[in-house]
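Quick caveat: nothing in here was measured; it's all calculated off a predicted structure. Chain naming here is simple, since letters A, B, ... match the order of the sequence lines and numbering starts at 1 in each.
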Amino acid sequence: MPELPEVETVRAGLNRLIVGKRVLAVTSDTPKSFPNAEADVKQFLVRAEIIAVKRRAKVLIIDLSGAYSLIIHLKMTGQLVFQGKGVHFGAGHPSDSLINPLPDKSTRVIFDFTDGSKLFFNDQRKFGWVRLLPTIEIPNLDFFKKVGPEPLSDDFTWQIIKERLLRRKGTNVKAALLDQSVVAGVGNIYADESLWGAKIHPTTIVAKLTDKNFKDLHKALRDVLQLSIDKGGSSNHTYVDAEGKKGSYMTFANVFRREGQPCPRCGTIIVKTRVAGRGTHLCPHCQKLT
DNA sequence: CACTTGACCTGTCCGC
DNA sequence: TGCGGACAGGTCAAGT
């Protein structure tokens, strides 16, 4: 599921909903989704206060009092759903809200707060995880040492996306975009959407891209990520935000999961292929292989 | 070394 | 209706 816009939407929601709360108890399916030893959870997580909720790439970082942090990766089907006062289950928009009561069979971790509210980590496919570690150790994790720049940061220029992509100059541009060490946070949806926006065929070898391609891709990627954040992310079936609500970006998608439909730009029928081992959507007229 | 493929899991959908 | 296989928004380890 979650790529940069979805994780950012969850982050913003949690930052609003759980900062200042104190952890009362934690139950989990340890070690699968939460591999820390029970003793460490008891010592460094129980009784800790939530200080801030941050994001780097597709990873959530929840800083706790006591110089520890929770690191959470939602992978394909992870959810973080808060329930407590001020957030009414299914309220307002029944069709946009989580229908099943929590916990359900996908619930892997439950955080109980001292005010009676709860945070559920659900993950159907069990690829995601929660880890507790000293805040100071986060930058030393292999993932954070090698992860690329944030594409929405002010200093992310077209020259930077060019330089980063050229680290994978022998491969196709879609595989390079999906590589988290090249650029942070891009996944299958926004790779396809941004390549369509920049009129670049996904199998184009990076070394063959022109400066115009890099400029167009830089703009298309930032535009599509920002639009999706504004729409609360993309929801297929498993993604929901911290209040259990779905995002609406898929309504605005131009090619992703729109095979058989006309390209919004030229009317040519969108096709689905396989690139870099992933389902890939493109307009065969707008995105010519050069 | 650079790049590609398989594995991790569960659930759903599609063809026979 | 049942069954097998492909596929699903991500990332590693292992393979070529």
**Study point:** side-chain N/O Arg278(A) vs dG10(C) OP1/OP2, d < 4.0 Å
**Key:** yes
Point to revise | Out of dT4(B), dA8(C), dG9(C), whichever nucleotide has its closest atom nearest the side chain of Ile189(A) | key: dG9(C)
Review point. Phosphate oxygens OP1/OP2 of dG11(B): is one of them under 4.0 Å from a side-chain N or O of Lys105(A)?
Key: yes
Point to revise | Parallel, tilted or perpendicular, as decided by the 30° and 60° cut-offs, for the rings of Tyr68(A) and Phe44(A) | key: parallel
Practice item. Decide yes or no, distance alone: a donor-acceptor N/O pair under 3.5 angstrom between the base of dA8(C) and the side-chain of Arg125(A). Key: yes
Practice item. Would you classify Tyr190(A) as touching base, sugar-phosphate or nothing, given that sugar-phosphate means primed atoms plus P, OP1 and OP2, and contacts are heavy atoms under 4.0 Å? Key: nothing
Check your understanding: Transitively linked via ILVMFWY side-chain contacts under 4.5 Å: Ile71(A) with Phe34(A)?
Key -> no
Practice item. Ignoring backbone atoms, establish whether His73(A) has a side-chain N or O less than 4.0 Å from OP1 or OP2 of dT11(C). Key: yes
Check your understanding: At under 4.0 Å, does any side-chain N or O of Arg108(A) touch on OP1 or OP2 of dC9(B)?
Key -> no
Review point. Would you say Lys126(A) reaches dT11(C)'s phosphate, i.e. side-chain N/O to OP1/OP2 under 4.0 Å?
Key: no
Practice item. Name the pairing partner of dA7(B), where a pair is Watson-Crick or G-U wobble with both distances under 3.5 Å, or state none. Key: dT11(C)
Review point. Is Gly128(A) touching bases, backbone alone, or none of the nucleic acid, heavy atoms closer than 4.0 Å?
Key: nothing
Check your understanding: Below 4.0 angstrom from OP1 or OP2 of dC9(B), is there any side-chain N or O of Lys32(A)?
Key -> yes
Practice item. Mind checking Gly277(A) for me? I need base, sugar-phosphate or nothing, with any heavy atom below 4.0 Å counting as a touch. Key: nothing
Check your understanding: Taking the side chain of Phe127(A) as its heavy atoms from C-beta onward, which of dC9(B), dT11(C), dC12(C) lies nearest to it?
Key -> dC9(B)
